[in-house]
> 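Can you read through this structure? Questions will come right after.
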There are 2 protein chains.
Amino acid sequence: MDRRPVTLEEVARVAGVSRATVSRVVNGVATVDRELRQVVEKAISTTGYVPNRAARSLVTRRAGAIGLVLPDEDRTVHDPYFGRVVSGVLPVIRPLGVQLVLTASHEQVVDDIRQGRLDGVILIHTHDADPLPRLLTRANLPVVLAARPGKPVPITYVDVDQAAGAALAVDHLVARGARRLATVTGPLERTPGQDRLRGFREAVARHGLPEPAVVHGDFTREGGAAAARGLPADVDGLFVASDLMASGVLPVLRQRGLRVPQDVRVVGFDDSPPALECDPPLTTVRQPVEDMAAEMVRLLVERVERPDRPTSSVVFDPTLVVRESA
Amino acid sequence: MDRRPVTLEEVARVAGVSRATVSRVVNGVATVDRELRQVVEKAISTTGYVPNRAARSLVTRRAGAIGLVLPDEDRTVHDPYFGRVVSGVLPVIRPLGVQLVLTASHEQVVDDIRQGRLDGVILIHTHDADPLPRLLTRANLPVVLAARPGKPVPITYVDVDQAAGAALAVDHLVARGARRLATVTGPLERTPGQDRLRGFREAVARHGLPEPAVVHGDFTREGGAAAARGLPADVDGLFVASDLMASGVLPVLRQRGLRVPQDVRVVGFDDSPPALECDPPLTTVRQPVEDMAAEMVRLLVERVERPDRPTSSVVFDPTLVVRESA
DNA sequence: CTGAAAGCGCTTACAG
DNA sequence: CTGAAAGCGCTTACAG
């Protein structure tokens, strides 16, 4: 039942070659003689051989695994963003034979890399005050951020042009006739929150509109609902900095007797699943999270292979998805 | 910059002891002499030693990692259930020093275990036709299912008493005066879908109520919306087999001019985040997914340590969470 | 209680 | 193109 797994040694014996040759066949080294290769392949399949990863890792010094690091508070697993990142990462990681390890412990991350359990990490939902990005870059450990870093550290990151996205929202609201604008912001200790607010303000100013109302939110549904209660009554164009918050904003607007989009037009940000569950369906700024996640993996793998290469960043363009709320 | 990591060997040299002794200290073997232990601990901290996991895995034959296996279609990462499982698993896995590996490739799973990359796996969202559970159990590989298996295979699983949960919903609807009941089911090729429907039917019969309307859903929001359109107009009590579906059902009900709860009372299932985003907030049957996930990890770890032990199952009790929809 | 030594299962220069 | 051999960094009987 619990018989020992087949080793390279046994395959070599069956095939009548050396372990080195079997290893070469397994790893697809091109120089192996055709006939020999076939003999070995046959031996592999008859023995049911499967290489032991720990042994390989020990000599190659590669874990064959990357980490997806969440903030310590576990609420973020419920954020739709998380699922989108995962579904963007999985398909690109798979053909590479790399594992995706989920962790919520920032404390563990450095050790996990040092122990050789992780080749590198992707950090999502980082706060400006988070020491981890700097820690990792200082130690020259492979890391990719899912947004512009809060402090100017040389680090590889992927982002969407957040400010441009906010401008897209404003332009649309204005085009639809809105003049008294307001925004529900994201958390301002994170760069996406900051950049969306900045982009919003700049666009409003560019249109020569009066100073907009700004109410603070935190990227959660409840935060959105709370913020909505603090909105001035005469707003006719609202930019909510995330769809999840918007799903909390809309019922409050309805309670306050405001019809969407007739009385107030609303644009969200993300184009995540909650946008569709909104009533009415939410017009929103789309960020291509799945593509961004795939790019993060590529950049990370690149950094794992060449840690000395300079850091870089990739910024995606947002697009507007028009539905019924604006 | 890229200096070689510190090894046991070096720590031993610094401490003036053998590698074996350092290893014992690192692994907390109690028999080490107090003074020696202190010398070694000091050497560990001055050298900044961190054990290499691959080397350890190679001899212990333990990956120190378990897999969370999603179905191949990636839609399920957007299901709120997924996030709840992750947030239940993470805290219990952490003190154990075990990694959580996410995978959506059923094909890979068996190999990953054989390669020693995974000590065992937790399977979620399995369909009755899914060959993986049987495959794994046959090979005597450690596996835990997140629900009763569709076919009677000897397998370890955790479940909530789905039928009892549905009965809770029916009892509540009836207590609130509903008499013309209906249900939107989950996918019937999965046991939770089957069991919730069975429990619903049995409870309706127990109350002596007429044959209820049964409309098929698939645990998605869109599926819920579609199902809602097929509901008879005179229903006054509706059991929707998941909160996510309910969030799709409610807007359709509203469109059809039905007020909730005045015209039709609605009870969901799960008590997941979408229940709160519903308008009105959803009365629902709570399944303690986080606790269930924690239990799955415990059972899995147990099986990894003693694969020959008989399989077992743990069934949690559902509870009713009353909000405004019923 | 401690150490010398074997061994886990691979990969990879190095010869030939 | 192939093989003998060293070595990756640990753990763990086995002596003493």
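Here is the naming used below: chain letters follow the sequence lines, and residue numbers restart at 1 for every chain. Nothing here was measured: the structure is a model prediction, and the numbers come from that model.
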> Please state how far atom CZ in R114(B) lies from atom P in dG9(C), giving the value in whole angstrom units.
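So the CZ-P distance, R114(B) to dG9(C), works out to 16 Å.
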> Between dT11(D) atom P and E9(B) atom CD, what is the distance in whole Å?
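Atom CD in E9(B) sits about 13 Å away from atom P in dT11(D).
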> Report the distance from atom OG1 of T103(A) to atom CG of L70(A), rounding to the nearest 0.5 Å.
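Rounded to the nearest 0.5 Å, the OG1-CG separation comes out at 7.5 Å.
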> Atom CG of L8(B) to atom P of dC10(D): distance rounded to whole Å?
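Distance, rounded to whole Å: 5 Å.
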> How long is the line joining CG of N52(A) and C1' of dG9(D), in whole Å?
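In whole Å, dG9(D) C1' and N52(A) CG are 14 Å from each other.
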> Check whether the side chains of R148(A) and T191(A) place a donor and an acceptor atom closer than 3.5 Å, and report yes or no.
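No, because no side-chain N or O of R148(A) sits under 3.5 Å from a partner of the opposite role on T191(A).
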> For DNA chain D, which residues in residues 34-47 of chain B have a heavy atom at a distance below 4.0 Å?
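DNA chain D contact set from residues 34-47 of chain B: none.
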> Between Q115(A) (CD) and dC8(D) (C1'), how many Å, whole number?
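For the pair Q115(A) CD and dC8(D) C1', the rounded distance is 17 Å.
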> Tell me every residue that passes side-chain contact (heavy atoms from CB on, under 4.5 Å) with R24(A), counting only those two or more places apart in sequence or in another chain.
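With sequence neighbours excluded, R24(A) shows a side-chain contact (heavy atoms from CB on, under 4.5 Å) to A20(A), T21(A), V29(A), V32(A), given in chain and number order.
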> Donor-acceptor check, side chain of R37(B) to backbone of T31(B), threshold 3.5 angstrom: yes or no?
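No.
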> Please name the pair of heavy atoms, one in I124(A) and one in A146(A), separated by the smallest distance, quoted to 0.1 Å.
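Looking at all heavy atoms of both residues, the shortest contact is CG2-CB, 3.7 Å.
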> Starting at CG of L58(A) and ending at P of dG7(D), how long is that distance when rounded to a whole Å?
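Taking atom P of dG7(D) as the reference, CG of L58(A) is at 14 Å.
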> State, to 0.1 Å, how close P149(A) and I155(A) come at their nearest heavy-atom pair, and which atoms those are.
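The pair with the smallest heavy-atom distance is CG-CG2, 3.6 Å.
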> Just the rounded figure in Å: distance from C1' of dT11(D) to CZ of R53(B).
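After rounding, the gap between these two atoms is 13 Å.
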> Where along residues 25-32 of chain A does a heavy atom fall under 4.0 Å from DNA chain D?
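T31(A), V32(A), in order of number.
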> Pick the closest DNA chain D nucleotide for G16(A) and for R61(A) by heavy atoms, then say which residue is nearer the 5' end.
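Between the two, 5'-proximity favours G16(A).
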> Are H106(B) and V69(B) side-chain neighbours, meaning at least one heavy-atom pair lies under 4.5 Å?
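Yes; the side chains approach each other to less than 4.5 Å.
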> Of all the nucleotides listed (dT12(D), dC8(C), dC1(C)), which has the minimum atom distance to the side chain of T60(B)?
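The answer is dT12(D).
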> For the side chain of T21(A), starting at C-beta, report the closest nucleotide among dG3(D), dC10(D), dT2(C).
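Within the option list, the nearest is dG3(D).
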> Compare every heavy atom of E290(A) with every heavy atom of S87(A), then report the nearest pair and how far apart it is.
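Looking at all heavy atoms of both residues, the closest pair is OG-CG, 3.8 Å.
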> Give the dot-bracket line for DNA chain D from 5' end to 3' end: parentheses for intra-strand Watson-Crick or G-U pairs under 3.5 Å, square brackets for crossings, | for inter-strand pairing, dots for unpaired.
|||.||||||||.|||
> Over all strands shown, is V22(B) touching base, sugar-phosphate only, or nothing at heavy-atom distances under 4.0 angstrom?
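Since no nucleic acid heavy atom lies under 4.0 Å of V22(B), the category is nothing.
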> So which heavy atom on T76(A) is nearest to which on F82(A), and how close?
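For T76(A) versus F82(A), the nearest heavy atoms are O-CB, 3.6 Å.
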> Return yes if some donor-acceptor pair links the side-chain N/O of S23(A) with the main-chain N/O of R19(A) below 3.5 Å, else return no.
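No: the side chain of S23(A) does not pair with the backbone of R19(A).
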> Measure across L8(A) and Y49(A) and return the closest heavy-atom pair with its distance rounded to 0.1 Å.
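Scanning both residues, the minimum pair turns out to be CD1-OH, 3.3 Å.
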> Using atom types as modelled and distance alone, determine if a side-chain donor or acceptor of D119(A) lies under 3.5 Å from a backbone N or O of I66(A).
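Pair absent, no side-chain N/O of D119(A) close to backbone of I66(A).
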> Which pairs with one or both residues in residues 113-136 of chain B pass ring-ring contact (aromatic ring centres under 6.0 Å, His included), sequence neighbours excluded?
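Pairs touching residues 113-136 of chain B that pass the test: Y81(B)-H125(B).
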> Starting from C1' on dT12(D), measure out to CZ on R62(B) and report it in whole angstrom.
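So the two atoms are 15 Å apart, to the nearest Å.
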> Give me, pair by pair, the N or O atoms of the protein and of nucleotides 4-6 of chain D that are less than 3.5 Å apart, along with how far apart they are.
unit_1 : atom_1 : unit_2 : atom_2 : d
dA6(D) : N6     : R19(A) : NH2    : 3.2

> Ignoring hydrogens and geometry beyond distance, is a side-chain donor-acceptor pair present between Q108(A) and D112(A) at under 3.5 Å?
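There is such a pair between these side chains.
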